[in-house]
Amino acid sequence: MKPTLVLLQLQCLLCVFVGVCVPSITGSLPHALPWHVSCPVRCVCQIKPWFSPDSVYHEAPTVDCNDLLLTKLPLPIPPNTHTLRLQSNLLSELDTAVLHGLTNLTDLDLSQNRFSHVRTITQSSSLPSLLSLHLEENHLSHLPEASFSSLPALQELFLSHNNLHSIAPGAFTGLDSLLRLHINNNRLTTVDPRWFKALPRLEVLMLGGNPVEALPERGFLALKSLRSLVLGGMGLRGLAEKALEGLDGLESLSFYDNLLTKVPTQALRRVPGLKFLDLNKNRIKLIETGDFRDMIHLKELGLNNMEELVSIEKAALENLPELTKLEITNNPRLSYIHPQAFLQLSRLESLMLNSNSLSALHQHIMLSLPSLQEVSLHSNPLRCDCLFHWAAEEASHPHTEKEQTDAQTARMVRFIQPQATLCSEPPELRARRVREVSSREMSASCLPMIPTSSLPSYVGVREGGKLVLHCRGLADPQPELYWVTPSGLRLGPAPDHAAKGLPAPAPCHNSKVSEGVNHTSASSLSHSQTQDNTPCNPSKRYRLLPEGTLEINKVTPSEAGLYTCVAENTLGADTRSVTVGVHSREKKRKRGMSANLRGFPLFREDARLEVREVGQHYAILSWQSGHNLPSTRLSWQAMYSNAHTPTYTTRVLAGTQSFNLTHLQAETFYRVCLHLGISKDAKYANRRSRESRRPQCVSFRTEDVPEPEPGLQLSPELTSTAVTLLLLALILLLLAGQGWDSQPSDGAGKVHSTLIQEIKSPKALIIKQKTEGSNEHQPKQNEKLLLHEDC
Ligand SMILES: *[C@@H]1O[C@H](CO)[C@@H](O)[C@H](O)[C@H]1NC(C)=O
Ligand SMILES: *[C@@H]1O[C@H](CO)[C@@H](O)[C@H](O)[C@H]1NC(C)=O
Ligand SMILES: *[C@@H]1O[C@H](CO)[C@@H](O)[C@H](O)[C@H]1NC(C)=O
């Protein structure tokens with residue numbers, strides 16, 4: 001008998017966890033036995049197996065009168081009845097004298113009847129043996145004081161799905177033995193801590209489905225024995241820090257289907273014994289650093305079905321030594337899990353990540369989970385390139401030995417539904433099964449990619465509201481992210497050349513912007529200290545979170561416009577622009593964009609292209625535009641009197657306001673033009689403002705090659721030979737230059753492409769060389785240079 005009981009308890013805890021406790025145990029137990037007794041008409045009288053709420057087994061004489069349209073108690077009820085079932089009838093009152101005779105009655109089921117007053121059941125008659133009372137799906141609206149005091153042995157009380165809107169403070173007085181209380185799905189709007197004072201032994205409390213928006217502080221303090229608390233479907237918007245105080249024995253907690261916008265970390269710290277936590281179906285946008293930390297007994301965590309979840313940040317889950325199962329599924333906007341999101345989860349065995357918007361699962365995540373046995377990733381837009389390399393069929397890439405073993409370890413992990421785990425990028429691997437793609441087919445490094453699911457092209461915000469823009473980019477090497485505001489202000493890590501004496505494109509981003517932000521990484525702070533003190537006046541309301549979220553509090557119409565996020569690594573960059581419309585409070589529902597987007601920048605007026613510095617083989621150009629112009633291009637052309645020379649064009653990343661043009665020829669005139677433009681993905685900008693019709697141009701001449709020193713004592717013939725050689729070299733260089741690249745650039749936000757092939761081709765190698773020496777904000781080899789007709 002014992003093992004069955006243990007099993008039952010486990011089952012019950014689990015089903016309590018999901019919200020319903022239906023003991024479905026009949027299968028493995030002895031069948032009903034005949035009970036020879038005079039039974040009420042149409043009812044069935046049998047001896048049936050029965051478990052009390054505290055899991056004691058009984059062979060219970062049972063009278064079953066369910067579904068008989070009864071309006072009063074059927075007679076005669078045998079005196080030794082243990083279980084009386086009257087579910088689904090039309091009862092609104094009971095002959096308490098009859099009930100009174102049933103001294104051995106342990107289970108009374110009156111669910112789905114028409115009771116509107118609980119006293120009609122419990123008054124005068126005492127039922128000293130009753131352990132379980134079912135009153136769910138009746139018409140109860142109020143519980144008066146001491147409603148159940150005639151039921152001293154009661155262990156389980158079902159009151160769910162009534163119309164309860166008020167419960168007297170002492171309604172449960174006398175229920176000293178109660179273990180389970182179900183008052184879910186009623187009309188309660190508050191939770192009164194006094195209710196629970198009478199329930200010192202309560203283990204399970206189902207409170208969900210009541211329109212309670214906030215729980216009181218210390219509301220459950222009296223429930224010292226509580227193990228499971230279900231608060232699903234209540235409309236909770238947040239949780240007071242001390243809301244769960246005193247629940248020292250709590251093991252299972254469900255917040256399923258509420259309106260929480262953040263993980264209630266502080267409140268959760270008060271329940272250190274927690275093993276099962278369900279936060280499914282809430283409005284949480286980010287799982288932030290430290291949200292789940294040091295919950296040393298947590299075994300299972302559910303973060304499913306969240307419409308707004310976009311990102312799981314670094315160290316979001318840390319030191320959960322007992323966590324074995326983590327479910328983060330069906331979150332349509334979730335596109336980013338930081339490579340170090342999970343730290344010290346030494347026992348995690350099962351990681352469910354299916355049906356999100358994830359492009360990959362970083363290898364670091366796999367390596368940080370030593371006990372992982374299975375992972376589900378199907379129904380995600382998976383990117384079969386470097387980020388997913390660990391999952392490829394055989395790890396034959398020329399990695400170091402350690403990396404290879406690591407990759408093999410990662411591969412030991414079982415994929416759930418491998419036949420549905422498909423690549424959706426790159427195009428040539430689309431629809432292939434991830435596990436069947438060989439590592440030779442997956443590139444070893446990759447460009448940043450900002451997923452569209454995290455950043456839509458238009459975001460509307462009410463004037464005075466809070467604007468939150470999430471930008472994330474996964475890549476290898478890990479990318480840096482920065483934002484450019486409509487006024488051209490760059491927010492984020494400083495560009496590398498800032499210290500080299502160039503005018504910094506946006507001199508006042510970091511330190512000032514991040515005032516009051518504690519997350520700002522040390523590296524970006526140190527950058528800001530190297531900045532010169534060019535005057536600027538950035539809005540202090542911008543707040544940049546470390547993973548790439550931009551927040552603006554109390555938005556004003558002047559903050560409307562085009563924001564661009566740039567994710568950049570050593571291989572290249574991806575950019576995404578979002579138009580922010582600020583809807584003014586007065587004008588009711590002016591469709592789409594209100595007046596605030598009318599004035600898209602007249603950028604030509606204030607953008608002046610200047611030559612800052614010219615060397616023999618390079619020139620530094622700078623410009624100030626005062627606007628965010630993410631599709632800006634720079635083109636240049638050597639000027640000879642007669643020759644037709646090619647024009648080269650490069651895209652300039654948003655927020656960049658200077659450029660080191662390298663690999664120029666010495667002693668040559670150049671004409672350089674700046675084409676300012678708003679990107680194509682700025683759908684709300686009118687067509688004309690997308691690009692200025694006339695570029696800004698300047699001309700200059702590169703420096704002369706210095707005369708040979710007189711001390712060198714070269715013969716005139718030799719000197720002239722040297723000059724000839726030099727000229728030859730220049731011509732060769734020019735020829736090489738013409739062959740740089742003839743592929744057209746798409747000019748749009750995405751600049752990555754089939755990288756491997758480019759690196760393999762010698763042409764691309766030249767481009768790589770050509771750009772290596774230049775400053776960090778020049779295009780990388782993937783940002784194609786191309787021949788252009790204009791200028
Ligand atoms: C109740 O159960 C006890 C013990 O099983 C039995 O002795 C007693 O007769 C029962 N009472 C009635 C009213 O049948
Ligand atoms: C940053 O955090 C430290 C400790 O964590 C705290 O003392 C300090 O006040 C915080 N600063 C700001 C600006 O929030
Ligand atoms: C510009 O590029 C040239 C050639 O690569 C380099 O010598 C020079 O130092 C660069 N200037 C700056 C300010 O980065």
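In listed order, ligands and their atoms are each counted from 1. As the structure is a computational prediction, the values presented were derived from the model and not from experiment. Heads up: numbering here begins at 1 and tracks the sequence.
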Contact check, side chains of Thr173 and Phe148, non-hydrogen atoms, under 4.5 Å
no
With a 4.0 Å cut-off, strictly under, does atom 4 (C) of ligand 1 pick up any protein heavy atom? no
In ligand 3, the atoms that come under 4.0 Å of a heavy atom of Ile620 are 11 (N), 12 (C), 13 (C)
Worksheet item: Would you say atom 7 (O) of ligand 1 touches the protein, meaning some protein heavy atom is under 4.0 Å from it?
Response: no
Any heavy atom of Leu102 under 4.0 Å from ligand 1? The part involved is neither
Practice task
Taking atom types as modelled, find out whether Ser658 and Ser622 have a side-chain donor-acceptor pair closer than 3.5 angstrom.
Solution key: no
Ligand 3 atoms nearer than 4.0 angstrom to some heavy atom of Thr662 are 2 (O), 4 (C), 5 (O)
Donor-acceptor pair between Asn66 and Ser88 side chains, under 3.5 angstrom
no
Any heavy atom of Asn104 under 4.0 Å from ligand 1? The part involved is side chain
### CD/Glu703: more than 12 non-hydrogen atoms of other groups inside 6.0 Å
yes
dist Phe172:CZ -> Leu181:CG (nearest 0.5 Å) comes out at 4.5 Å
So the atoms of ligand 1 within less than 4.0 Å of a heavy atom of Thr103 turn out to be 13 (C)
**Lys/Arg-Asp/Glu bridge criterion (N-O < 4.0 Å) met for Arg201, Glu203** = no
